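Beneath this line is the structure, given in structure tokens, with notes to follow.
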Amino acid sequence: MTGIESLATFITTGRLHGIGIGSTLDEVDRALRHRCVDVVGEGGTSLRRDYGFVEFYFNPGKQWVMSGASIELHRLANAPEMAARWGDSTGVEFTPYTAWADVRKALSDVSAVPEFTVTDQGGFVEYRAEASGVSVLVVDDDEEERGYHAGHGDVWSVSLWAPVRAN
């Protein structure tokens, strides 16, 4: 599977490799057999599992439970070996740059294309899909060129966030 196809599924469903908000750390371990680093927050109040350019965030309880995730695609421009290792362990092949236009095209092939709220973020544009809880940050600076980082029109990151619960 290509990285673009994987992103289209993630943006639509809010799930990456079958895991999403509410997944336990054990479920993540079963879904992803990839080298990672765990960073526990002060006092054990949070856990960040870092796979290089993919990160998952967890809250404590009886088990660690996923509260968010991010795919930091901008890191691949300067370190394509991360994408190669990810592809070897997951079967998903990312390239050093991911154009938002290519992701939008892939989304057009998905049955339930989410509706986006679009917000200017000062040098970036955020495309937020409320239905799936996924936000895409795209470089929106005409002077940014591809090189050691993503360029104009490229996806900077894709994030999954848990909705705020009303009291």
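Position 1 is the first residue of the sequence, and the numbers go up from there. Computed from a prediction, not measured in an experiment: that's the story for all the values here.
- Between T12 and S132, every side-chain heavy-atom pair lies at or beyond the 4.5 Å cut-off.
- Taking 4.5 Å as the limit, some side-chain heavy atom of L107 sits within range of a side-chain heavy atom of F116.
- For the pair E5/T9, no side-chain contact is recorded, criterion being any heavy-atom separation below 4.5 Å from C-beta on.
- Placement of L25 and V40 within a single hydrophobic cluster is found when ILVMFWY residues are connected by side-chain heavy-atom separations under 4.5 Å, directly or transitively.
- No side-chain heavy atom of Y127 sits under 4.5 Å from any side-chain heavy atom of I11.
- More than 12 heavy atoms of other residues, nucleotides or ligands sit less than 6.0 Å from atom CD of Q121.
- A heavy-atom distance below 4.5 Å is not found between the side chains of V158 and T98.
- Atoms CH2 and CD, on W161 and E130 in that order, are 4.0 Å from each other to the nearest 0.5 Å.
- Taking OG1 of T24 as the reference point, atom CZ of F58 lies at 8.0 Å (rounded to 0.5 Å).
- Y57 and L16 fall into different hydrophobic clusters, where Ile, Leu, Val, Met, Phe, Trp and Tyr side chains are chained together by heavy-atom contacts under 4.5 Å.
- Summarising the geometry, atom CD belonging to E72 is positioned 15.0 Å from atom OH belonging to Y51; distances are rounded to the nearest 0.5 Å.
- Closest approach of A83 and F94 over heavy atoms only: CB-O, 3.6 Å.
- V39 belongs to a hydrophobic cluster with V37, counting contacts under 4.5 Å between side-chain heavy atoms of Ile, Leu, Val, Met, Phe, Trp and Tyr, direct or through other members.
- How far CG of N59 is from OG of S46: 7.5 Å, rounded to the nearest 0.5 Å.
- Closest of all the heavy-atom pairs between S23 and R15 is OG-NH2, 3.8 Å.
- Taking CG of D26 as the start and CD of Q63 as the end, the distance is 5.5 Å to the nearest 0.5 Å.
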Using residues 134-141 as the side-chain source, report each donor-acceptor pair under 3.5 Å to any protein atom, sequence neighbours left out, with the distance given to one decimal.
unit_1: S135; atom_1: OG; unit_2: E126; atom_2: OE2; d: 2.5
unit_1: D141; atom_1: OD1; unit_2: E143; atom_2: N; d: 2.9

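- A heavy-atom distance below 4.5 Å is not found between the side chains of E144 and F124.
- Hydrophobic clustering of Ile, Leu, Val, Met, Phe, Trp and Tyr side chains at less than 4.5 Å, counting indirect connections, keeps V65 apart from L47.
- Residues I71 and V155 have side chains not in contact (no heavy-atom distance under 4.5 Å, counting atoms from C-beta outward).
- Tracing side-chain contacts under 4.5 Å through hydrophobic residues (I, L, V, M, F, W, Y), one reaches F53 starting from M66; they form part of the same cluster.
- Residues in residues 31-43 take part in these side chain to side chain donor-acceptor pair (under 3.5 Å) pairs, two or more places apart or across chains: H34-S89, D38-R49.
- Put simply, CG on L7 and CG on L73 are 5.5 Å apart, with the number rounded to the nearest 0.5 Å.
- Between the side chain of Y97 and the main chain of G147, a donor-acceptor pair closer than 3.5 Å is present.
- Taking the side chain as every heavy atom from C-beta outward, W100 and V125 never approach each other to under 4.5 Å.
- Applying the salt bridge (Lys or Arg N to Asp or Glu O under 4.0 Å) definition to pairs two or more places apart or across chains, none involves residues 60-70.
- Here the shortest heavy-atom pairing between V92 and W86 reads O-CD1, 3.7 Å.
- No donor-acceptor distance shorter than 3.5 angstrom exists from the side chain of T45 to the backbone of G41, with no hydrogens or angles considered.
- Legend: residues meeting ring pair (Phe, Tyr, Trp, His ring centres under 6.0 Å) with W64, ordered by chain and number and at least two apart, are absent.
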Distance-only check: which donor-acceptor pairs under 3.5 Å involve side-chain atoms of residues 75-82, not counting sequence neighbours?
unit_1: R75; atom_1: NH1; unit_2: G52; atom_2: O; d: 2.7
unit_1: R75; atom_1: NH1; unit_2: E55; atom_2: OE2; d: 3.2
unit_1: R75; atom_1: NH2; unit_2: E55; atom_2: OE2; d: 3.2

